[in-house]
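Input: a single structure, listed below in structure tokens.
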Amino acid sequence: MDYKQIEAKWQKKWEETGLYKFDKSKVDKKYYCLEMFSYPSGAKLHAGHWYNYGPADTFARFKRMQGFEVFHPMGFDAFGLPAENYAIKTGIHPEDSTLKNIETMEKQLRRIGATYDWDYEIKTCVPEYYKWTQWMFEQLYKRGLAYRKEAPVNWCPSCNTVLANEQAQGGVCERCGSVVTKKNLNQWFFKITAYADELLDGIDKLDWPEKTKLMQKNWIGRSFGGEIVFDVKGSDEKIRVFTTRADTVFGVTYVVLAPENPLVDKLVTAGNKAAVEAYKEKAAQTTEIDRMSSTREKTGVPTGAYAINPVNGREVPILVADYVIASYGTGAVMGVAAHDDRDYVFAKKLGLPIERVIKSKDGSPDELPYTEYGVMVNSGEFDGLESDEGKKAVLEKLESMGKGCLKTNYRLRDWLVSRQRYWGAPIPVVHCEHCGDVLVPEEDLPVRLPHNVNFTPDGESPLKKCDEFMHTTCPKCGRPALRDADTLDTFVCSSWYFLRYPDNRNDKKPFDSEWINKVLPVDKYVGGAEHACMHLLYARFFTKALRDMGYLNFDEPFLSLVHQGTILGPDGNKMSKSKGNVVSPDDSIAKYGADIFRVYLMFGFNYVEGGPWNDNGLDSVGRFFDRIERIVKKCYEMNFAKDALGKAEKELNRVRHNTIKCVTNDLGAFSFNTAIARLMEYVNAIYAYDGAVEKKNIFYKDCARDLVLLIAPFAPHFAEELWEMLGETYSVFNQPYPVFDEKAMVLDEVELAVQINSKMRGKVVVPTGATREEIEKAALEAVSAQLGGATPKKIIVVPGRLVNIIA
RNA sequence: GCGGAUGUGGUGAAAUUGGCAUACACGCUAGAUUUAGGUUCUAGUGCGAUGAGCGUGCAGGUUCAAGUCCUGUCAUCCGCACCA
């Protein structure tokens, strides 16, 4: 069979007949199957795209044949840094290169032979889309979920530019390798922390990989604790500290402020001012790499001021140290050296006192620092309380004194969405001297991204240098004003695209709520695991915020999630140009066609694990296809007997129904490799029957027909061709997927393993309905010689499996 | 440092509640068919020369029975990174 020819043939036919057009009238049977959309930074689809999209399409086809109306769209996440960097490198404008790349990728995606309905395509970089991205920003702003504040950004001193977080991974500039520092800029944030609790509590209900759920939970990082107020000696200032271990409060021997904490300047004494200033200066210059290292030596300087411990009135020194993070909790901690590893190291280094206030519960000797829960000692009225009740008791007491309260903190920070970059959606805000930050009125959206801009990075937002963009009038007072020069993080675009697909042509609204509530949520989402704490979290946040605004009636965007594994280079390393181990799918597809390539990808790997590329498996899939083609052809040309079914037919029928059962289960679980193994077994069983039986029963034809139906989601073009060969009418994808018959799978007799003292000693065949006594008898007979007349002490019978004779 | 995962033949990988370890392929060996084949078919293929036996990273444990459960340990990978 000429696979390339039949692929062209069927792709044309599918297109002409609109086979994969989503039928809106059947939305009650909808199944929203979505793959993370592609990023058109490179010009071509690589093996990873195929590995994501090929198997996911098999799943979509399977759902379709199961009777669902599958909504399966595709689009392009077209804004973003890689496209811009590519433009900087090549000198081609990102708009031109991106649109060209999209065109190429669309063509390639069609060659996968997937069920995408291109009527619903999305490109995030076109004004028709980013108009609504800007609209999203405005809604969040109106609800108080978008705000602007001074914040440090990543700064590369060598490239003289700000960097996105993704570009500064590991504290090193992605492009030049320089060490990244921080610089303060006025930045837009989305208040994702307002949803921290719901984002956390909703995770358990999701059908997502456990690993991903855990990562997201840890990322949100909720910790229950309390705030404790320390008065400052001789001052009206107060220091609030956050702690999860209020039971250790009697062991406080000092208090530490983060260098960036504004209290530092207020509290520092004249004699310590110079040292503290120097320390702050040094901390500000500390690189991201060093700041991230938990193994680095702890440093700090005293402020000269003293804090008063509210539980015992004790005066303790106040220090500044950069192991305290300004942005977490209150930017201040109480130092309990005896019961915290970091405080212990710090106290040792600076010669601060260390005082035990917790002992192990069972009284066994323990060493300091002792960070486990235990029993309170040296803690006045609280002595003898265990840590968990002690925590509560201490905070209750402090609360009654007005010196503390229960408090929950999160590791999650608000989402910084400003990017000092060109290739993104402009932020729809005007800065007016008189009116402050003013939203661009909805009817004036989109704020268009100007084409003619010098986007070479030089430390300023590129748009700032574009006068005709920057200068505008204030929508409120009409006086001259400036636009916001930053663009939105690309992750903003991808936080709502799945809502746009079903209503992508709507020019009045981002989507029609009534309609979207029918098509959403996404039933199956397939994409890379690298998005666990970014895109997947942001999209959940958007969904919840839009729900609270009344636009959506569901809580979660993606009910069920699967991550495909990574296809590595043949050397077992991640594919990369620098390693020279990149495998292009183009050659394989040219030689074998899309179907064989897809099936190879599904058969050769565990889908969620991936693994190193190895192309000698392609031939074996090719042989598998040949075997199918030969037997279907033969079957079509054959004359059949119409006798009753014999033993051989029964056996083939059993394999047939077992195959249907297993393949159905496996496909539902994204276990493509085992599904294909079962199909191979079925083909082997058909050949065995074919070789053993002279005059084939007419039922044989049904077996061949089922084979084509079963294989259809995996090899769509091939299956259409075979379906036609069998004389059936177009299309095989309008057929229901075969359903198994439990009765056909019941055998007349079963083979049991016979063990003596748990060692394999033989086999025995018994009738399916045999009683326990009959089975025991048959088993004893089967191994009587080896038993040597000994009377068994005990016989264990596992029906359908084995008999274990304990002698 | 913390959290999570993985470890099975020469290779890719399978294995419901604990129940015949290595399904399905690749590769390899021998043979048959064909004008030729990188075709097709048959047989074999965990280790061990045979048998006994031994075998799921390593060491223990529970059990009639462990790849699967428990304890410890090593290796690799991923995520977080002083979160009080």
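To find a chain, count down the sequence lines: A is the first, B the second, and so on, and within it residues start at 1.
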>> Nearest to the A/Lys591 side chain among B/A14, B/C24, B/G38, which nucleotide is it?
In response: B/G38
> In whole Å, what separates the C1' atom of B/U56 from that of B/C20?
Replying inline: 15 Å
> In the structure shown, which nucleotide is the Watson-Crick or G-U wobble counterpart of B/G53, with both distances under 3.5 Å?
Replying inline: B/C47
> Considering every strand shown, what is the Watson-Crick or G-U wobble mate of B/G72 when both distances are under 3.5 Å?
Replying inline: B/C58
>> Side chain of A/Asn684, heavy atoms from C-beta onward: which of B/C80, B/C41, B/C24 has the nearest atom to it?
In response: B/C24
> Checking A/Lys298 against A/Phe346: charged group under 6.0 Å from the ring centre and within 45 degrees of the axis?
Replying inline: no
> What's the spacing between A/Leu537 CG and A/Tyr195 OH if we round to 0.5 Å?
Replying inline: 13.5 Å
> Looking at A/Tyr687, does the NZ or CZ of A/Arg627 lie under 6.0 angstrom from its six-membered ring centre and within 45 degrees of the ring axis?
Replying inline: yes
Using a cutoff of under 3.5 Å, can you pull out all pairs of nitrogen or oxygen atoms linking the protein to nucleotides 31-35 of chain B, with atom names and distances?
none

>> I need the A/Asp340 CG to A/Tyr370 OH distance, nearest 0.5 Å.
In response: 14.5 Å
> Once you round it to whole Å, what is the distance between C1' of B/U11 and CZ of A/Phe605?
Replying inline: 12 Å
>> Categorize A/Asn218 for me: base, sugar-phosphate, or nothing, with a 4.0 angstrom heavy-atom threshold over every strand shown.
In response: sugar-phosphate
> Should B/C26 form a Watson-Crick or G-U wobble pair with both distances under 3.5 Å, which nucleotide is its partner?
Replying inline: B/G10
> Would A/Asp204 and A/Lys217 satisfy salt bridge (charged side-chain N to carboxylate O under 4.0 Å, His left out), going step by step from the backbone distance to the final call?
Replying inline: CA-CA 10 Å; A/Asp204 288 325; A/Lys217 279 185 188 174; 2.8 Å; yes
> Taking for each residue the nucleotide of RNA chain B with the nearest heavy atom, is it A/Arg627 or A/Tyr607 whose nucleotide lies nearer the 5' end?
Replying inline: A/Tyr607
> Counting side-chain heavy atoms from C-beta on, which of B/C80, B/G4, B/C20 comes nearest to A/Arg411?
Replying inline: B/C80
> Across all strands shown, which nucleotide pairs with B/C82 by Watson-Crick or G-U wobble geometry, both distances under 3.5 Å?
Replying inline: none
>> Among B/U11, B/C64, B/C24, which nucleotide has an atom closest to any side-chain atom of A/Phe603?
In response: B/C24
> From the list B/A84, B/A81, B/G19, which nucleotide is the closest neighbour of the side chain of A/Asp340?
Replying inline: B/A84
> OP1 or OP2 of B/A14 sitting under 4.0 Å from any side-chain N/O of A/Asn673?
Replying inline: yes
>> With a 3.5 Å limit on both atom pairs, tell me what B/C77 is paired to, counting Watson-Crick and G-U wobble, or say none.
In response: B/G4
> Any donor-acceptor pair under 3.5 Å joining the side chain of A/Arg678 to the base of B/A23?
Replying inline: yes
> So, is A/Ser223 near the phosphate of B/A84, with a side-chain N or O under 4.0 Å from OP1 or OP2?
Replying inline: yes
>> What contact category does A/Leu214 fall into here, base, sugar-phosphate, or nothing, at under 4.0 angstrom with non-hydrogen atoms?
In response: sugar-phosphate
> Distance check: side-chain N/O of A/Tyr328 vs OP1/OP2 of B/A84, anything under 4.0 Å?
Replying inline: yes
>> Looking at B/U33, which nucleotide sits across from it as a Watson-Crick or G-U wobble partner, both distances under 3.5 angstrom, or is there none?
In response: none
> Which way is the base of B/G9 turned, syn or anti, if we draw the line at 90° from 0?
Replying inline: syn
>> Here's one to test your reading of the geometry: is the NZ or CZ of A/Arg411 within 45 degrees of the ring axis of A/Trp219 and under 6.0 Å from its centre?
In response: yes
> Counting only side-chain N and O atoms of A/Lys211, is one of them less than 4.0 Å from OP1 or OP2 of B/C80?
Replying inline: no
>> Of the options B/A14, B/G19, B/C80, whose atoms approach the side-chain atoms of A/Trp219 most closely?
In response: B/C80
>> Is it the case that B/C64 (base atoms only) and A/Lys793 (side chain only) share a donor and an acceptor within less than 3.5 Å, ignoring hydrogens and angles?
In response: no
> Which base sits across from B/G19 as a Watson-Crick or G-U pair, both distances under 3.5 Å?
Replying inline: B/C64
